[in-house]
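The next block holds one structure in the form of structure tokens; read it before the comments.
Since the structure is predicted, the reported quantities are computational estimates derived from the model, not experimental observations.
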2 protein chains.
Amino acid sequence: MNAPNPYETAFSIAAVERDTGLAKDTLRVWERRYGFPAPMRDANGERLYPADQVEKLRMIRRLLDHGRRPARVVGASVEELSTMLDACLCPEGGAPAGRDDGLLQLVRLHRSVELAAALRQALMKQGLQRFVAQTVAPLAAAVGEAWMRGEVDVPEEHLFTEQVQNVLRGAIGAHASIAGRPRVLLTTFPEEEHVLGLLMAEAMLVPEGASCLSLGTRTPLADIRSAAVGGGFDIVGLSFSIAYPARQAIEGLLELRSLLPEGIELWAGGAAVRDKQKRLPGIRVVGDLEDTMAALQDWRARNGAEG
Amino acid sequence: MNAPNPYETAFSIAAVERDTGLAKDTLRVWERRYGFPAPMRDANGERLYPADQVEKLRMIRRLLDHGRRPARVVGASVEELSTMLDACLCPEGGAPAGRDDGLLQLVRLHRSVELAAALRQALMKQGLQRFVAQTVAPLAAAVGEAWMRGEVDVPEEHLFTEQVQNVLRGAIGAHASIAGRPRVLLTTFPEEEHVLGLLMAEAMLVPEGASCLSLGTRTPLADIRSAAVGGGFDIVGLSFSIAYPARQAIEGLLELRSLLPEGIELWAGGAAVRDKQKRLPGIRVVGDLEDTMAALQDWRARNGAEG
DNA sequence: CAGCCCAGTTTGTCCTGGACAAATCAAATC
DNA sequence: GATTTGATTTGTCCAGGACAAACTGGGCTG
């Protein structure tokens with residue numbers, strides 16, 4: 001009785017695809033090539049993945065997102081994977097110690113009500129821009145790290161995103177200057193569904209008097225072009241999360257650059273394009289939130305006071 | 001030269017899966033069984049679907065969402081499909097003529113700026129509740145119909161959702177009563193990603209003094225339970241779009257009902273659960289936005305003035 | 001030493017054709 | 001009219017092979 005029936009906590013290949021983001025074909029070919037995963041079979045011969053293998057697959061997935069290659073990680077032991085994950089975390093900005101982890105705790109414990117209240121309180125106290133730079137961005141980074149470590153899961157990340165969205169959208173809407181310059185169109189490429197980068201950029205720009213319009217995520221290139229041209233925008237801003245393939249980002253940005261008229265600038269931000277400026281001629285790579293403000297200053301200096 | 005190279009406008013099976021929502025396995029098995037789709041092949045023997053077949057697959061997909069069965073629609077001609085789609089539309093609420101189609105035009109023409117401005121203006125003029133009931137809901141229905149007819153596509157639907165979200169979230173945030181009763185937790189099941197139903201419900205309830213918290217879409221059952229219990233909620237509200245399988249909705253709702261303590265009510269709304277009240281004992285089926293208000297009155301009558 | 005090109009390897013996706021359980025329909029029964 | 005039962009439909013899974021695109025690392029050049 002102390003060992004629960006493994007069948008009760010085992011997952012079909014479709015469920016594993018949903019939970020890990022690894023395609024069914026990929027799961028089967030890894031099994032063939034590397035001997036992992038090694039699922040059980042049900043009465044009908046179909047794969048049944050035990051929970052611990054799914055957990056290991058999640059660790060592997062996270063390492064692949066950080067650029068590791070399958071041959072080096074599929075087949076490694078859980079301990080080795082754990083070590084590799086730690087190695088991915090530390091170099092990023094040194095030791096992020098002493099930060100206020102209260103909000104992260106709320107996320108991990110699913111305390112949605114308290115999280116919403118705490119976010120609104122921080123917003124009131126700090127004002128929109130500092131709220132984004134000093135509260136939302138660090139919290140997003142902390143959630144990302146916790147996600148790497150496997151300490152938060154899809155539902156927690158989701159709750160976090162939703163609550164931050166609520167607060168940011170409300171605050172941005174309150175500014176509502178639709179006349180200011182520059183006019184910025186914000187969106188992501190079709191394969192990118194992370195929305196927080198967009199909202200943070202918008203929250204930094206709107207208080208400065210820029211007028212932003214977000215198309216949301218997953219906009220086809222042709223639609224970005226027509227929206228930018230038809231709406232008379234000065235700048236198109238794209239956001240890329242860490243999971244977005246750098247190569248694909250560069251390729252897409254260069255194509256979009258060629259689609260847009262010269263008068264419209266193209267800005268790109270997020271982990272996937274950081275340090276890629278030299279491969280992106282004619283495109284402004286925005287390193288972080290502060291750099292967004294710098295880019296705005298630059299634009300205004302170039303385009304005079306009237307605009 | 002008058003016929004464009006068909007290879008230029010043909011799609012890989014992965015692209016078709018993304019565009020139509022039909023799984024690769026399904027596309028291949030239909031081809032085997034019904035002789036449709038009948039894609040070309042590239043030099044490598046891989047399927048290449050011409051644009052007109054993809055368009056037809058989209059029509060088929062829409063009909064399946066409305067309960068038709070594959071044997072009756074896969075293999076029908078475009079004209080027959082068109083007739084069936086018309087038949088799906090008309091019975092729903094008679095002829096929705098004379099409605100203000102200006103907003104729908106803005107959606108179809110990708111006029112995101114004007115759409116945002118028009119929505120905000122309507123909100124100012126009507127107030128939140130009437131804005132939702134008289135502007136957002138009809139517009140959502142119109143977009144849904146246009147989607148059925150194939151007159152709007154993914155990008156348009158997306159733009160529409162995003163702009164409405166912006167306006168509604170801003171307006172809801174402005175009310176921000178976190179003390180009122182009842183306390184309502186809003187979300188959807190993991191397979192349901194449509195968010196507008198939730199936002200509309202929230203927009204109706206908040207001005208009445210209820211305190212709402214939205215977990216966003218795709219929340220696992222166990223997380224709904226723990227959030228509801230831990231947050232001290234009176235009511236859990238679930239939203240189901242037309243595409244959600246009714247059977248799955250009923251099954252999930254009954255399971256969630258059994259997970260929740262008796263003191264917490266369970267409300268369900270949306271096309272997938274309409275007219276299913278008798279199959280959902282212990283659950284309040286909310287027919288439409290007006291019925292949401294009625295349900296709120298009922299709750300307050302039952303639970304006294306203090307609460 | 002940075003940048004570029006080229007062969008070799010890795011890796012995800014696609015293929016065929018078969019199988020089966022779950023969902024659905026239609027007929028028969030209470 | 002409602003419910004049960006048998007036949008049919010339908011989506012998903014399987015095996016094992018194939019191949020192009022992506023990546024690696026070495027050698028070359030400016």
Nearest listed nucleotide, side chain of [X], among [options]:
X: R47(B); options: dC14(C), dT12(D), dC15(C); answer: dC15(C)
X: V29(B); options: dT16(C), dC13(D), dG11(D); answer: dG11(D)
X: P70(B); options: dG12(C), dT10(D), dC14(D); answer: dT10(D)
X: A71(A); options: dT10(C), dG11(D), dC14(C); answer: dT10(C)
X: K24(B); options: dG11(D), dC14(C), dT13(C); answer: dC14(C)
X: R32(A); options: dC13(D), dG17(D), dT12(D); answer: dG17(D)
X: R41(B); options: dG12(C), dC20(C), dC15(C); answer: dC15(C)
X: Y34(A); options: dT10(D), dA15(D), dT11(C); answer: dT11(C)

Expressed in angstrom and rounded to an integer, what is the separation of [X] atom [atom1] from [N] atom [atom2]?
X: D25(B); N: dG11(D); atom1: CG; atom2: C1'; answer: 8 Å
X: E17(A); N: dT13(C); atom1: CD; atom2: P; answer: 10 Å
X: E31(B); N: dG11(D); atom1: CD; atom2: P; answer: 15 Å
X: E46(A); N: dG18(C); atom1: CD; atom2: C1'; answer: 13 Å
X: L64(A); N: dA22(D); atom1: CG; atom2: P; answer: 17 Å
X: I60(A); N: dT10(C); atom1: CD1; atom2: P; answer: 17 Å
X: I13(B); N: dT12(D); atom1: CD1; atom2: C1'; answer: 14 Å
X: R18(B); N: dT13(C); atom1: CZ; atom2: C1'; answer: 14 Å

Does a salt bridge link [X] with [Y], judged by any charged N lying under 4.0 Å from a carboxylate O?
X: R41(A); Y: E31(A); value: yes
X: D291(B); Y: R284(B); value: yes
X: E17(A); Y: R47(A); value: no

Report yes if at least one side-chain N or O of T26(A) is closer than 4.0 Å to OP1 or OP2 of dT13(C); otherwise report no.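 So the side chain of T26(A) is within the cut-off, an N or O lying under 4.0 Å from OP1 or OP2 of dT13(C).
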Verify whether one side chain among E192(B) and H194(B) offers a donor that lies under 3.5 Å from an acceptor in the other. yes
Mark yes or no for a side-chain to base donor-acceptor pair under 3.5 Å between R28(B) and dG11(D), with no hydrogen or angle criteria applied. no
Note: for S12(A) and R72(B) on DNA chain D, the residue whose nearest nucleotide lies more 5' is R72(B)
First of N44(A) and R69(A) reached from the 5' end of DNA chain C, by closest nucleotide: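 Closest to the 5' end, via its nearest nucleotide, is R69(A).
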Minimum heavy-atom distance L48(B)-D42(B), with the two atoms named: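 Scanning both residues completely, I find the closest heavy atoms to be CD1-CB, 3.8 Å.
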